[in-house]
Amino acid sequence: MSEIKKIKNLKEFSTSADRFEGANLLCPGCAHSIIVREVLNATNDDLILAASTGCLEVCTAVYPYTSWDASWIHIGFENGSTAVAGAEAMYKALKTKGRLKQPDRVPKFVAFGGDGATYDIGFQWISGCFERGHNMMYVCLDNEVYANTGGQRSSSTPIGASATTTPAGSVSYGEKKNKKDMVAIMAAHGAPYVAQVAPNKWKDMVAKIQKGFAAEGPVFINAMSACTTEWKFAPEDTIAISDLATDSLVFPLYEIINGTELNITYRPKNIIPVRDYLGAQGRFKHLFKKEYSYLIDEWQTRVDAKWEQLQRREEARV
Amino acid sequence: MEKAGWDGFEIGAMLRTFDGAIQNIATTLPEDRAYSQSSSFTASVADWRIEKPLFNKDYCIDCQFCWVFCPDMSIISRDKKMIGIDFDHCKGCGICVEVCPTNPKSLLMFPEQKDEESALVEWPKKVKKEKEDEVGEE
Ligand SMILES: Cc1ncc(C[n+]2csc(CCOP(=O)(O)OP(=O)(O)O)c2C)c(N)n1
Ligand code: SF4
Ligand code: SF4
Ligand code: SF4
Ligand SMILES: [Mg+2]
């Protein structure tokens, strides 16, 4: 087995040699890229990567350029998961037949997909990969919207967000359905490791990615990806918005091992009101009108209830 | 490699990031890599910027927040020290400035045409938070 890369602190992490390149076409301040860097730099092992259609894929493979310094494959919107699963199955077959040219080099298999690709369109494919038990990591870049095609809602879009297919206006407050709990769904597959991460908490992220790489079997990572364009905030504020998300517990950070052992990995010292998170983004601006203020209270109640539930699960080990 | 037009690009073709083989990419820094014309590393997005970050090493504590949070691999750190900015790949987002914890900041945004020397001369001094009445809400 390959060694786990030593990353004691940020200084040590900063000696990493990125395998993801600039002059890609992601927006200035895009969190997808920060997440990809933290994931790839968590290991020195060879990488076999795939991406589903979406901002990350479209912006990093524009002919005649690629921004990837590793084997990288793109097929379609729905099948980043199975592209990597196929490569992993072939690797296993070659290994069994003794046909690997460098058998001592054990690569990591990682698929990236947006929330549209993950929560909606690629869902059954991911579920199949997890049921078959491929040795792979699936990273969802969760920006809660179909960003690449102009901001349509997905089943990850939270209540009250204005999206182009659920616009807020005089007759609607925007999205009406609650966000799908994808982390719980993936944990219910009995996967050895499932976690929610956020790029502002880089150390928590790296620890979880390394645990995921060390696990045998399919690993699911839901990575919060604050989108300057669709969430409507200034590009320099990506990390500040991410801090608001983790410190208001809108995006709690936790892991679930073998489908049952839930551990909360970040407890904010000062929990901030959900209102502060919502107020920092244009997609929730209309909620601050008088007639919709009840929705902000409901938001807070939902976030409190989820936090309560996570703590209960952590305690009960179920 | 000769650059092919869109109609000269065969279906299923593979783009190679490097000219020749690199044994361990993960431990080979950009200056030691032979990037091919197919790598976006050889392209520039400098013309995306209206403002650019400039670096004042006098105040830098090498915390590496700018390095880890730069979305565009444009903070150059070597041997645990921040040494500069890659202006071919920096998109001018301003994240590095926002996350820089020093007082005054070691990174600040300036108009694209600003020269570094005069920026360093004009660099603000340490801000005493309580006494400044213009300082708004945190
Ligand atoms: C089968 C199929 N349907 C629709 C599309 C068009 N399409 C391309 S990217 C995209 C949105 C991607 O959204 P998401 O997965 O959330 O990624 P993001 O761009 O937000 O990172 C859509 C609808 C497609 N390429 N293929
Ligand atoms: S639209 Fe959002 S996710 Fe897409 S590149 Fe821009 S910031 Fe990134
Ligand atoms: S402005 Fe943005 S792209 Fe440029 S160095 Fe700073 S963080 Fe990186
Ligand atoms: S964030 Fe500021 S202090 Fe920290 S390494 Fe970068 S420039 Fe130096
Ligand atoms: Mg999305």
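A quick note: this is a predicted structure, and the numbers were derived from the prediction, not measured. Proteins come first, then strands; the chains are lettered A, B, ... in the order of their sequence lines, and each starts at number 1.
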Assert top hit (heavy-atom pairs under 4.5 Å, partner chain B, pool A:Q102, A:E38, A:R105) equals A:R105

Before accepting this row, confirm whether a basic side-chain N of the pair B:R33/A:E21 lies closer than 4.0 Å to the acidic partner's carboxylate O. yes

Pair count under 4.5 Å, heavy atoms only, with chain A: among B:C70, B:P30, B:S44, highest is B:C70

Quick one: what part of B:T28 sits under 4.5 Å from any heavy atom of chain A, side chain, backbone, both or neither? backbone

Hey, which of A:T15, A:V36, A:I34, A:L10 has the most heavy atom pairs under 4.5 Å with chain B? A:L10

Side chain, backbone, both or neither: which part of A:W68 has a heavy atom under 4.5 Å from chain B? backbone

Heavy-atom pairs under 4.5 Å with chain A: which of B:C96, B:S39, B:S74 has the most? B:S39

Options B:G92, B:C93, B:S40, B:P71, ranked by heavy-atom pairs under 4.5 Å with chain A, top entry: B:S40

Between A:T53 and A:F77, is there a donor-acceptor pair closer than 3.5 Å when you use the side chain of the first and the backbone of the second? yes

Between A:S16, A:A240, A:S67, A:P28, who has the most heavy-atom pairs with chain B when the cutoff is under 4.5 Å? A:P28

A:A23 and B:V45 have their tightest heavy-atom pair at CA-CG1, 3.8 Å

Which atoms of B:C90 come close to chain A, meaning under 4.5 Å heavy atom to heavy atom: side chain ones, backbone ones, both, or neither? neither

Check each atom of B:V99 against the heavy atoms of chain A and say whether the ones under 4.5 Å are side chain, backbone, both or neither. side chain

Report yes or no: does B:E98 contribute a side-chain atom to a donor-acceptor pair with the main-chain N or O of B:G94 at less than 3.5 Å? no

Taking A:Q210 for the side chain and A:A42 for the main chain, is one N or O donor matched with an acceptor at less than 3.5 Å? yes

A:R37 charged N/C atom sitting above B:W67 aromatic ring, 6.0 Å / 45°: yes

Please determine whether the number of non-hydrogen atoms from other residues, nucleotides or ligands lying under 6.0 Å from atom CZ of A:R275 exceeds 12. no

Contact origin within A:L25 toward chain B - heavy atom pairs under 4.5 Å: both

Under the criterion salt bridge (Lys or Arg N to Asp or Glu O under 4.0 Å), which of A:K203, A:K5, A:K6 is the partner of A:E12? A:K6

Contact part of A:L26 toward chain B, heavy-atom cut-off under 4.5 Å: side chain, backbone, both or neither? both

What residue in B:K91, B:M109, B:H89 has the most heavy-atom pairs under 4.5 Å with chain A? B:K91

Taking every heavy-atom pair that is under 4.5 Å apart, which of A:N44, A:N9, A:T43, A:D69 has the most such pairs with chain B? A:D69

Can you tell me which portion of B:F18 sits under 4.5 Å from chain A's heavy atoms? Options are side chain, backbone, both or neither. side chain

Using atom types as modelled and distance alone, determine if a side-chain donor or acceptor of B:K114 lies under 3.5 Å from a backbone N or O of B:K52. no

Closest contact, heavy atoms only, A:S52 versus A:E57: O-CB, 3.2 Å

Please look at A:I239 and chain B and tell me whether the side chain, the backbone, both or neither of the residue comes under 4.5 angstrom of a heavy atom of that chain. side chain

